[in-house]
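Note: hydrogens, waters and symmetry copies are ignored here, and every other heavy atom, side chains too, is used.
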Amino acid sequence: MNRFGISVELKHVPPLDPEFIPLLRFNRAFLADAKKPVGIAVERADGQMAACHTFIHGTPEMAEADHYYINRLVKTILWMKGGFKIYVSGDADTCAYLRSVYCAGGGQEFDWDYMANVFEHPFEVVEVDELPAAKDSPKAMGGHLEGCRIGFDAGGSDRKVSAVIDGETVYSEEVVWFPKINSDPDYHYEGIVAALKSAAEHMPRVDAVGVSSAGVFINDRTMSASLFLQVPKEIYDAKVKDIYIRAITDTFGDVPYSVINDGDVSALAGAMSLNDNSVLGIAMGTSEAVGYVDEQGRITGWLNELAFVPVDAHPDAMRDEWSGDIGCGVKYFSQDGVIKLAPRAGIELGEDLSPAEKLKVVQKLMEEGSEAAAKVYESIGVYLGHTLAYYHDLYGCRHVLLLGRVMSGKGGDLILETAKKVLAEEYPELEGKIVPELPDEKFRRVGQSMAAASLPELKK
């Protein structure tokens with residue numbers, strides 16, 4: 001495989017996508033002959049900073065490769081950690097290139113606009129002589145089981161709530177709702193409050209409330225979330241950004257609360273069930289939802305939106321309809337990945353079927369022993385093995401918990417088996433350093449809403 005004159009050799013390629021170029025392997029091949037130092041830093045909320053010292057070639061004949069490498073690196077940092085200001089040191093051309101794509105009308109306009117809205121700050125690219133130092137503010141969250149707690153998990157098709165007293169779940173309910181198609185945020189607010197009140201009825205008091213929700217949250221505020229997709233932009237700021245905070249304080253007054261991304265809560269639930277830290281949780285469902293608990297058991301506050309982090313360096317990689325970019329995780333580690341590969345295996349999926357129904361067709365074939373379906377899951381397993389090595393490079397995670405409907409049944413077993421084989425044979429240096437696994441019964445007992453309930457620390 002060759003891109004920009006850079007050769008990438010693989011032992012394992014996806015049988016249904018032989019042109020796949022794992023981004024980690026491209027990066028390693030690119031850096032083998034890159035000698036010119038370049039620094040990239042990205043500023044996030046509250047002065048936090050992600051910093052990376054790397055290299056480019058810095059020659060006219062390698063300019064296209066340099067630009068591609070830097071483009072993918074910056075996009076990775078933005079969607080992994082978030083940020084609104086890029087600092088560049090060591091190369092004026094790199095800075096000028098990034099300014100040309102991270103702007104209105106530029107190739108990365110979507111990322112430029114999205115990050116500016118999330119962080120409520122104009123997006124900038126600046127050149128500096130000295131790169132700012134990395135700065136993180138991880139928070140110890142979760143694992144607090146004492147007292148009377150409510151855990152609320154806001155999903156796209158149902159909402160779950162649990163009442164937990166001293167670590168024991170005394171009540172749980174699951175209610176179907178339709179947040180993604182409702183434009184009136186009062187519908188969402190009333191649903192949240194109804195769930196909180198339902199749980200509160202089963203406890204003598206409420207000491208704390210934890211919320212798990214899809215979306216991007218900064219200081220407990222909802223900066224972006226698909227649950228509120230239809231809410232008009234002109235009322236989003238007033239009615240949605242503080243919706244969970246208002247629902248909790250309006251209902252219970254001044255009690256401790258925490259609102260975090262559901263991926264981070266999944267990772268926390270995994271850490272609680274494994275009784276260990278350094279956990280990356282990856283849920284492969286409608287999209288690729290990811291959360292991370294660090295070595296000290298802390299939530300980092302990073303975006304962890306790996307659905308939009310590039311994983312494939314092939315120029316004809318599949319395009320994501322939402323962001324407009326190609327080769328990103330959402331098209332490899334979600335039901336979209338299954339739907340993309342099925343026709344290549346000769347599996348016909350009716351145009352009138354929903355994405356979830358198309359996934360069920362392939363799952364049913366897999367359960368029946370279809371070799372064509374097995375090729376779909378084997379291909380995803382090869383994607384995953386190469387990409388887990390990349391995620392380990394980014395996070396240093398020790399455990400990877402694989403969740404979601406794509407990982408269910410025989411298909412999920414084949415994905416895991418194939419990924420482990422790819423890791424062992426392509427990345428032997430990672431043996432014992434990263435363990436991909438499926439959730440066990442203990443994880444299911446912990447559950448998303450109970451893990452959410454453990455988020456806030458009680459006032460002393």
Side-chain angles (χ1 to χ4, degrees), residues 12-14 16-17 19-27 68-69 71-82 108 110-111 114-115 214-216 224 226 261-264 266-267 279-292 300 302-341 355 359 376-377 379-395 397 400-407 411-412 415-416 418-419 422-423 427 434 436:
H12 294 272
V13 298
L16 298 177
D17 190 2
E19 301 302 311
F20 172 66
I21 304 176
L23 190 62
L24 174 62
R25 296 298 285 270
F26 172 85
N27 288 349
Y68 177 80
Y69 169 75
N71 180 300
R72 301 292 84 180
L73 174 64
V74 169
K75 185 178 177 77
T76 296
I77 296 171
L78 285 173
W79 289 97
M80 175 186 173
K81 296 191 173 183
Q108 305 303 136
F110 177 88
D111 312 274
Y114 184 90
M115 295 297 165
V216 176
S224 175
S226 60
N261 174 268
D262 55 355
D264 280 340
S266 289
V279 178
L280 189 72
I282 304 175
M284 303 184 204
T286 306
S287 182
E288 179 191 9
V290 177
Y292 177 58
T300 58
W302 301 344
L303 295 193
N304 297 316
E305 291 284 355
L306 300 192
F308 307 106
V309 165
V311 299
D312 185 358
H314 193 267
D316 294 323
M318 195 168 185
R319 190 173 301 279
D320 165 46
E321 300 85 355
W322 188 56
S323 69
D325 213 332
I326 65 170
C328 297
V330 66
K331 290 297 182 184
Y332 298 76
F333 309 116
S334 72
Q335 63 190 16
D336 281 3
V338 175
I339 294 165
K340 171 185 76 175
L341 294 170
L359 173 61
V376 171
Y377 287 104
S379 295
I380 295 173
V382 176
Y383 289 152
L384 184 63
H386 286 293
T387 302
L388 287 181
Y390 186 38
Y391 290 169
H392 184 270
D393 211 45
L394 297 174
Y395 286 89
C397 47
V400 178
L401 205 57
L402 300 167
L403 313 160
R405 63 178 72 97
V406 173
M407 290 302 303
I415 290 172
L416 179 60
T418 306
V422 172
L423 276 169
Y427 309 93
I434 178 170

Side chains of [X] and [Y]: donor-acceptor distance under 3.5 Å anywhere?
X: His386; Y: Tyr427; answer: yes
X: Tyr292; Y: Asn261; answer: no
X: Asp312; Y: Tyr332; answer: yes
X: Thr76; Y: Tyr390; answer: yes

Roughly how far, to the nearest 0.5 Å, is [atom2] of [Y] from [atom1] of [X]?
X: Leu303; Y: Trp79; atom1: CG; atom2: CH2; value: 7.5 Å
X: Cys328; Y: Glu305; atom1: SG; atom2: CD; value: 12.0 Å
X: Trp322; Y: Ser287; atom1: CH2; atom2: OG; value: 9.0 Å
X: Asn27; Y: Ile21; atom1: CG; atom2: CD1; value: 11.5 Å
X: Met284; Y: Met407; atom1: CE; atom2: CE; value: 5.5 Å
X: Ile380; Y: Ile415; atom1: CD1; atom2: CD1; value: 4.5 Å

Taking all heavy atoms of [X] and all of [Y], pick out the closest pair and write down the distance.
X: Pro310; Y: Arg72; value: CG-NH1, 3.5 Å
X: Val406; Y: Gln335; value: CG2-N, 3.6 Å
X: Leu359; Y: Tyr377; value: CD1-OH, 4.2 Å
X: Val382; Y: His12; value: CG1-O, 3.8 Å
X: Pro436; Y: Leu423; value: CG-CD1, 4.1 Å

Does Phe20 form a side-chain contact (heavy atoms from CB on, under 4.5 Å) with Val13? I'd like the steps, not just the answer. CA-CA 7 Å; Phe20 172 66; Val13 298; over 6 Å; no

I want to check something: taking the side chain as every heavy atom from C-beta on, are [X] and [Y] in contact at a cut-off of under 4.5 Å?
X: Tyr114; Y: Val216; result: yes
X: Arg405; Y: Thr286; result: yes
X: Leu416; Y: Leu402; result: yes
X: Trp302; Y: Met80; result: yes
X: Ile434; Y: Val400; result: yes

With side-chain contact (heavy atoms from CB on, under 4.5 Å) as the criterion, how do Asp325 and Gln108 come out once you've worked through the C-alpha distance, each side chain's angles and the decisive distance to 0.1 Å? CA-CA 8 Å; Asp325 213 332; Gln108 305 303 136; 3.3 Å; yes

Are Phe308 and Phe110 close enough that their ring centers fall under 6.0 Å? no

Salt-bridge contact Asp111-Lys75 (side-chain N to carboxylate O under 4.0 Å): yes

Face-on cation placement of Lys331 at Tyr383 ring, 6.0 Å and 45° thresholds: no

Test applied, side-chain contact (heavy atoms from CB on, under 4.5 Å); reference residue, Tyr391; option that passes from Leu280, Leu24, Leu384, Val290: Leu280

Run Thr300 and Tyr395 through side-chain contact (heavy atoms from CB on, under 4.5 Å) and show every step you take. CA-CA 11 Å; Thr300 58; Tyr395 286 89; over 6 Å; no

Backbone N/O of Leu16 and side chain of Ser379: donor-acceptor pair under 3.5 Å: yes

Using only atom types and a distance under 3.5 Å, with no angle test, would you say the side chain of Arg319 pairs donor to acceptor with the backbone of Gly324? yes

Test side-chain contact (heavy atoms from CB on, under 4.5 Å) on Ile282 and Leu388 and set out the steps. CA-CA 10 Å; Ile282 304 175; Leu388 287 181; 4.0 Å; yes

